[in-house]
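Accompanying notes for the structure given below.
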Amino acid sequence: MENKKEVLLSLKNAKTYFPIKKGVMKKTVGYVKAVDDVTIDIYKGETLGLVGESGCGKTTLGKSILQLINSTGGEMLYNFGGNIGVKNLKKLTSAEMKLARKRLQIVFQDPQSSLNPAFTIFGSLEDPLKQNGVAKREDRRKIIGDLLEQVNMRSEYMDRYPNEFSGGQRQRIGIARALSVEPELIICDEAVSALDVSIQAQVLNLLKELKEKKNLTYIFITHDLSVVEYISDRIAVMYLGKIVEIADAEALYENTLHPYTKALLSAIPVADLDKKSKRIVLEGDVPSPAKPPSGCTFHPRCKNCMDRCKTDIPALKKYMVDGKEHFVACHLMEEQQQATPLSEQS
Ligand code: SF4
């Protein structure tokens, strides 16, 4: 992928803030900064893992990209290709938005939520097809049958109801639903978190297989670092609405640089005792995004905290580690290595 990196989606200083309202007049007294100044490129054909503890803003970021939540600031530039070219997802015409709704899809943690229990699978999956101009019922049945076979299920299952399937089967149906409109980018939001480990592996393998066959791009959102290593090409780590580290999956696990990522990785159970590092126990809870700590928001929990960490916000900067790009937002790294600020990179 190094040789032919084509940017599909470029987030520039993306922000999603939720106002905190108080009193009879519902006056805005502050903001919950769920996504705060996120800048990252997502390349065509890659799987970007987006990880962090619950409440770090990763799901809000996913929903902001899909325009399911209004973002507050910054740009989300999507490369539609062809005559349309690169457009800000926040400023699309209605025709472009219709196209964006096809190109960008989501698979939820709970597939039940996207399947109406009163409808058969055919009933649930035919809607997006109707909206995209597949007028004849027999054509929709043929397409849905094929989609079910692509996710390793029998085509005749389309006449059954959601409660007749296991969690893993429902997740396959959720994937088939996302695929029905031939998307380019799929956001998998904790897509395997609710499944048993053996079923998780089957669904992850299916996602990998479909990605290759259909040239898909994934943003794989999860709190589970052992899952994300298996499926991701690159991994971005979020803490309190900000990205604190981005690297190739292998580089992130081999040369972990940010103290927060080190603590997350040290908590993964490892079968090989030689590879087991000492668990780093984080002090305290994740602070509220409504009242984030000053400077580096991780400083109250960081054992490497220095004076400047309490006042200065560390910028995400590029470092070269073993010849590979590695982005980190940490003052400790700035003192140890020469970095290139993100704004100065081509
Ligand atoms: Fe720790 Fe300071 Fe780095 Fe924040 S900037 S992670 S407090 S060393």
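Note that this is a predicted model, so its numbers are computed, not measured. All ligand and atom numbering here is 1-based and tracks the order in the structure.
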Taking only residues at least two apart or on different chains, which pairs with a member in residues 152-193 satisfy ring pair (Phe, Tyr, Trp, His ring centres under 6.0 Å)?
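Matches after skipping sequence neighbours: Tyr157-Phe165.
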
Suppose the criterion is ring pair (Phe, Tyr, Trp, His ring centres under 6.0 Å): which pairs have a residue in residues 77-100, not counting sequence neighbours?
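Every ring pair (Phe, Tyr, Trp, His ring centres under 6.0 Å) pair that includes a residue of residues 77-100, provided the two are not neighbours, is Tyr78-Phe80.
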
Classify the ring geometry of Phe298 against His258: parallel below 30°, tilted from 30° to 60°, perpendicular beyond 60°.
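Judged by the thresholds at 30° and 60°, the geometry between Phe298 and His258 is tilted.
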
Can you find a heavy atom in the side chain of Ile175 that is under 4.5 Å from one in the side chain of Val203?
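They are in contact (side-chain heavy atoms under 4.5 Å apart), so the answer is yes.
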
Suppose we screen for salt bridge (Lys or Arg N to Asp or Glu O under 4.0 Å). Which residues come up paired with Lys87, at least two apart in sequence or across chains?
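Expected list: Glu96.
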
Nearest heavy-atom neighbours spanning Asn255 and Glu245
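That closest heavy-atom pairing would be O-OE2, 4.2 Å.
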
Which protein N, O or S atoms sit under 2.8 Å from atom 3 (Fe) of ligand 1?
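Those protein N, O or S atoms (cut-off: under 2.8 Å from atom 3 (Fe) of ligand 1) are Cys330 SG.
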
